[in-house]
Amino acid sequence: MRERGGVADKGRNVRQGYALLAPTLVVVGLTLAAPLGLLLITSLKSQSGIGFEAGWTLAQYSEVLGRGSYRILFARSVVVAALVTALTVALAYPMAYFVAFHARRKFLWLILLTIPFWTSYLLRVFAWKIILGYGGVINSGLLGLGLIAEPLGSLLYNPFAVVVTLAHAWAAFAILPIYVSLEKIDRSLLEAGSDLGDSKLRRFLRITLPLSMPGVIGAAILIFVPTTGDFVTPELVGGPAGAMIANIIETQFTQVGNWPLGAALALVSMTMVAVLAGLFVAAARAAARAVR
Amino acid sequence: MSFLSVSQVSKAFGGARVVDAVDLSVERGMFFSLLGPSGCGKSTLLRMIAGFETPDHGIITIDGVAMNGVPPNLRPTNMVFQSYAIFPHLNVFDNIAYGLRKSGLSSDELRRKVEAMLATVRLEGLGARAADQLSGGQRQRVALARALVREPKVLLLDEPLGALDKRLREAMQIELRAIQRKVGITFVLVTHDQEEALSLSDRVAVMSGGRILQVASPRELYDRPNCREVADFIGEINFFHATVKEVTESSVTVNGGLLGIVALPKTNVANGITAGDHVLLAIRPEHVGIAPQGLSGTIAAATFLGERSHFHVKIPGRTEPIAVSGQAPAGESVSLEFPPEKLIALPATG
């Protein structure tokens with residue numbers, strides 16, 4: 001009796017679980033899984049006027065993987081996203097550390113740190129355009145101080161501008177997970193580290209850093225994945241030299257009108273990001289485990 | 001100077017004096033306990049010895065070296081934390097080896113030391129176990145091993161057995177004492193559990209309100225508490241108000257109210273008590289005798305404890321029942337006697 005009751009309970013629990021998940025499953029199914037399926041189907045077609053040719057083909061994939069110009073765009077997207085991720089995490093970590101360990105009014109600090117993110121993402125990108133532009137804040141400031149004779153043309157419309165803008169745009173997304181992982185660290189572990197002979201720096205490297213790794217990994221994934229596929233920022237501040245893979249995907253769907261090629265580019269890009277993110281997580285975990 | 005010495009050490013947090021002009025001296029190789037209720041300042045005192053808190057006044061020396069301004073990582077002390085503070089990202093072996101990594105040991109020597117320590121705390125073969133797969137008792141052993149392996153001059157233990165269940169705690173008490181004997185390191189233990197302090201320690205300091213009330217051996221604390229608070233804190237005890245009538249060379253005569261006129265041996269009376277003083281007579285439950293003649297009362301509540309019983313006796317003319325420990329008589333009424341040599345007289349104030 002008891003056992004049967006247990007099984008019935010389990011069945012009810014499972015049903016209840018699915019009932020709770022149902023709204024999410026519907027949304028995810030309609031907005032994520034179905035479009036992905038469509039994308040996959042599209043990528044196996046080839047464009048003919050405004051429709052697709054009958055039959056299936058891998059031609060788009062050989063085009064994507066074979067052409068050098070796409071490879072450059074893939075590589076640039078990954079390098080820019082990696083730089084943005086590294087820069088953002090490196091800048092966010094000390095801020096998160098300060099709030100977690102030294103700030104008195106933590107909540108106030110967190111609010112202050114996230115206030116810039118209450119404005120639209122586009123506005124923030126435009127703000128950087130104004131700061132970095134030919135007649136922008138930096139150039140006019142330097143001119144006014146007499147430090148330069150004519151405006152620097154190299155601030156905007158290049159990968160540098162893309163990295164700076166994205167790093168700023170994603171800062172809050174890095175600070176919060178790192179803060180949470182630091183805040184969770186039991187302070188007596190740090191005292192134990194000191195008690196067992198570690199200086200503050202050694203203690204940080206042996207305890208704080210490895211224990212905050214989940215936050216660092218979370219922050220890095222949260223930034224790396226979307227920035228690799230970002231197209232607004234490169235479009236607005238990147239110029240031709242700062243174009244990334246998402247820009248060419250967007251062009252395929254809108255201006256060129258070659259949907260199968262765009263779909264293949266998108267899927268290859270997704271796969272690449274997933275593989276790289278997986279490798280990164282494995283490497284970061286191994287590094288944290290190697291600490292003794 | 002003693003091995004570990006604390007002199008006139010005070011510490012205040014936000015205006016409240018948590019530790020108030022404390023003096024202590026602990027000899028080398030001793031098992032010393034700081035006993036007191038929570039909030040009495042014992043943990044703060046321990047943390048000052050470890051270097052996690054800085055005294056506002058006073059000096060702490062270990063083996064003749066003043067510790068003022070010495071950070072925790074450079075002190076010859078190690079601590080077993082109340083929460084154990086086991087590093088969750090390291091396995092048992094690496095937790096224990098943590099404090100040895102910088103000491104320039106060869107990896108063979110390090111392995112040998114850690115293995116030996118694992119054997120001492122009876123965790124042989126568990127070196128590769130992850131921190132989150134340990135039971136409470138095992139965590140306690142890892143914390144102890146991790147501190148002991150550094151061979152500190154003084155090992156500090158902050159309520160190390162508080163998180164364990166009763167049976168495990170009793171087993172660990174015996175083991176802790178055995179380990180201390182084996183390694184010969186000076187132990188300073190903080191606890192609010194008087195049984196633990198009495199059964200483990202060579203000497204116990206009873207603390208209350210940031211001050212030390214009495215420092216003595218466990219037996220002395222039990223038999224000769226120097227004030228009401230210590231008597232009350234260490235085990236159960238019955239008090240009677242009394243007035244001193246006469247003090248002579250060998251005895252003190254008091255008027256003990258319900259107890260009548262009693263002559264106590266002088267050794268049972270706290271120092272500085274003179275004729276006319278108001279005192280408290282105190283007697284342990286096991287010293288109260290059951291006699292055919294004596295103070296009669298009725299048994300209010302009895303607990304059978306196997307060999308003996310513990311019972312409360314209501315006496316007419318007294319609100320507090322008297323705690324008695326011994327063979328409970330049949331029936332409800334009982335006569336009690338109070339052997340004068342077992343009565344102690346304490347100052348009524350303080």
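First the proteins, then the strands, lettered A, B, ... as listed; each starts at 1.
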**Message:** If you count heavy atoms of other groups shown closer than 6.0 angstrom to NZ of A:K200, is the number above 12?
**Reply:** no

**Asked** Is NZ or CZ of B:R111 both nearer than 6.0 Å to the six-membered ring centre of B:F93 and within 45° of the ring axis?
**Response** yes

**Message:** Does atom CG (A:L40) have a neighbourhood of more than 12 heavy atoms from anything else shown, all under 6.0 Å?
**Reply:** yes

**Request:** Taking heavy atoms only and a threshold strictly under 4.5 Å, list by residue number the residues of residues 118-140 of chain B that touch chain A; give 'none' if the list is empty.
**Result:** none

**Asked** Does atom NZ of A:K184 have more than 12 heavy-atom neighbours, drawn from other residues, nucleotides or ligands, at distances under 6.0 Å?
**Response** no

**Portion of B:N78 that has a non-hydrogen atom of chain A nearer than 4.5 angstrom** = both

**Item:** Heavy-atom check, side chain of A:T227 versus side chain of A:V80, under 4.5 Å
**Value:** no

**Request:** State, yes or no, whether a side-chain contact exists between B:T77 and B:V188 at a heavy-atom distance under 4.5 Å.
**Result:** no

**Prompt:** What is the ring orientation for A:H168 with A:W128, classed by angle as parallel under 30°, tilted 30 to 60°, or perpendicular over 60°?
**Reply:** perpendicular

N/O donor-acceptor pairs under 3.5 Å from side chains in residues 268-284 of chain A, not counting sequence neighbours:
from	atom 1	to	atom 2	distance (Å)
A:T271	OG1	A:L267	O	2.7

**Asked** For atom OH of A:Y97, is the number of surrounding heavy atoms from other residues, nucleotides or ligands below 6.0 Å larger than 12?
**Response** yes

**Request:** Side chain from CB out, backbone as N, CA, C, O: work out which of these in B:R146 comes under 4.5 Å of a heavy atom of chain A, or both, or neither.
**Result:** both

**Message:** Applying a heavy-atom distance below 4.5 Å, give me the residues of residues 79-92 of chain B that approach chain A, sorted by number.
**Reply:** B:M79, B:F81, B:S83, B:A85, B:I86, B:F87, B:P88, B:H89, B:L90

**Request:** May I ask you to name which of A:L190, A:L211, A:D186 has the most heavy-atom pairs under 4.5 Å with chain B?
**Result:** A:L211

**Request:** Would you check, one step at a time, whether the test side chain to side chain donor-acceptor pair (under 3.5 Å) holds for B:E159 with B:H192?
**Result:** CA-CA 8 Å; B:E159 305 250 6; B:H192 66 269; 2.8 Å; yes

**Item:** Segment of A:R187 engaging chain B (4.5 angstrom heavy-atom cut-off)
**Value:** neither

**Asked** Listed by chain and number, what are the salt bridge (charged side-chain N to carboxylate O under 4.0 Å, His left out) partners of B:D63, not counting sequence neighbours?
**Response** B:R28, B:K153

